[in-house]
There are 2 protein chains.
Amino acid sequence: MSFDNNKKMALSKQDKSKKGSLDAPIAGLVQAINASPDLYTTSSCSGRIVLLTQPMSAKKDQSGWIFASHEPVMPADVLKAIRLFRGNDAVWFRMEGFILHACCRTIGDAARLVLLARDAGIKRSGIISATDRKISVEIIDTERIDCPIAADGRLAVSESYVQWLVEVANQKLERTREKIKKVKEAFASF
Amino acid sequence: MSFDNNKKMALSKQDKSKKGSLDAPIAGLVQAINASPDLYTTSSCSGRIVLLTQPMSAKKDQSGWIFASHEPVMPADVLKAIRLFRGNDAVWFRMEGFILHACCRTIGDAARLVLLARDAGIKRSGIISATDRKISVEIIDTERIDCPIAADGRLAVSESYVQWLVEVANQKLERTREKIKKVKEAFASF
């Protein structure tokens, strides 16, 4: 009964993400998972392009976001966000593939979900908690860009490089969305 | 008995990595894990800095390595490898944190190992296989740099940017090794 109660509670909660709502490209997969009596999602992101500020100490609690998009971006938007940032911290350009967390009724359900995701090409998938209280799975696509592009208030690369980076990031965003579809199709046989 | 046989087989095999031997910074942790009767490692890397070539299609089977180091690198070495590469493919600069795979006797052992790694700060840790035949855990540090820096035979960034990138990568390599030590210390209470 505890799993069913937890599921009910989780699905009735308000969306706690910075965005405050479910990303459209991953909504179908999330709904399919939540329609299973043995699973429910606790968080998801359909992939994004962000700019993070980070002090040289690389302390995470001192990091901040100055730009975030779940849609393809324009180089001008990225350059503008960097220009507007007043600080000496390094600014990192990051593209992250999709991510999804799901709670599972049994360890067998969790193992099947991981297998399904890995078979669909999402290699960073695993059971991240397996206690009496909670069994949960993390599915992460490996599409990624992660590099510092500004520091001390100055761009460390050329604008044409930012243009290229954005182009590659937008392609990766498209690719991660294709992978979401692949996982959703595979999930039909869960 | 099957787990014990598999462990014996795995530990007697020749090292299959490109490097052909165990990285010194992770050897202590690997040995500690293998000293446990309920675990054995199947692969590990103590973190590395690599240059990968990748066609625009991003097909992994067409990717290649043109540089790899498990030790801090010099900007000149990176620049030289790019200069020597004859091809139009994009060249990606990548720093990867440490990674370790371990087989576990029971799902309980696997869950405890994941918990230990996550508590020690290695958030990308999970049970990636949980079948009757094999229970295995993946532990991956998230320290990372991943960006294209050359294409069409030309560097797309300045040499001073490569210098900065290498500096940050070397710092991250140091940090991933500190995390290996942390996991090893935590493992004493496994």
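Chain identifiers are assigned alphabetically (A, B, ...) following the order of the sequence lines, protein sequences preceding nucleic acid strands; residue numbering begins at 1 within each chain. Model, not experiment: these values are computed from the prediction.
- Between the side chain of B/S189 and the backbone N or O of B/A186, at least one donor-acceptor pair lies under 3.5 Å.
- By the rule that hydrophobic residues join a cluster once side-chain heavy atoms approach within less than 4.5 Å of another member, B/I145 and B/M74 end up as members of separate clusters.
- For the pair A/T53 (side chain) and A/G64 (backbone), a donor-acceptor distance under 3.5 Å is present.
- Between the side chain of B/D38 and the backbone N or O of B/T106 there is no donor-acceptor pair closer than 3.5 Å.
- The residue among B/I140, B/T131, B/V137 with the most heavy atom pairs within less than 4.5 Å of chain A is B/I140.
- Within residues 109-128 of chain A, the residues having any heavy atom closer than 4.5 Å to a heavy atom of chain B are A/A111, A/V114, A/R118, A/K123, A/R124, A/S125, A/G126, A/I127, A/I128, listed by residue number.
- Proximity of a side-chain donor or acceptor of A/R105 to a complementary backbone N or O of A/P37 within less than 3.5 Å is detected.
- Residues B/I149 and B/L51 form a side-chain contact, since some pair of their non-hydrogen atoms from C-beta on lies under 4.5 Å apart.
- The same ILVMFWY cluster, assembled from side-chain heavy atoms under 4.5 Å apart, contains both A/F67 and A/Y161.
- Within the 4.5 Å cutoff, side-chain heavy atoms of B/C45 are placed close to those of B/D23.
- For A/K172, the side-chain hydrogen bond (donor to acceptor under 3.5 Å, both in side chains) partners are A/E143, not counting sequence neighbours.
- Applying a 4.5 Å heavy-atom cutoff, the residues of residues 77-96 of chain B that approach chain A are B/A90, B/W92.
- Annotation: residues 164-171 of chain A contacts chain B through A/W164, A/L165, A/V168 [non-hydrogen atoms, separation under 4.5 Å].
- Contact check for A/C103 versus A/K7: no side-chain heavy atoms found under the 4.5 Å cut-off.
- Checked by atom type and distance alone, the side chain of A/S69 never pairs as donor or acceptor with a backbone atom of A/I49 at under 3.5 Å.
- B/R177 places none of its side-chain heavy atoms less than 4.5 Å from the side chain of B/E174.
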**Request:** Let me see the working for A/D141 and A/K179 under salt bridge (Lys or Arg N to Asp or Glu O under 4.0 Å), right down to the final yes or no.
**Result:** CA-CA 8 Å; A/D141 185 19; A/K179 291 187 202 168; 2.9 Å; yes
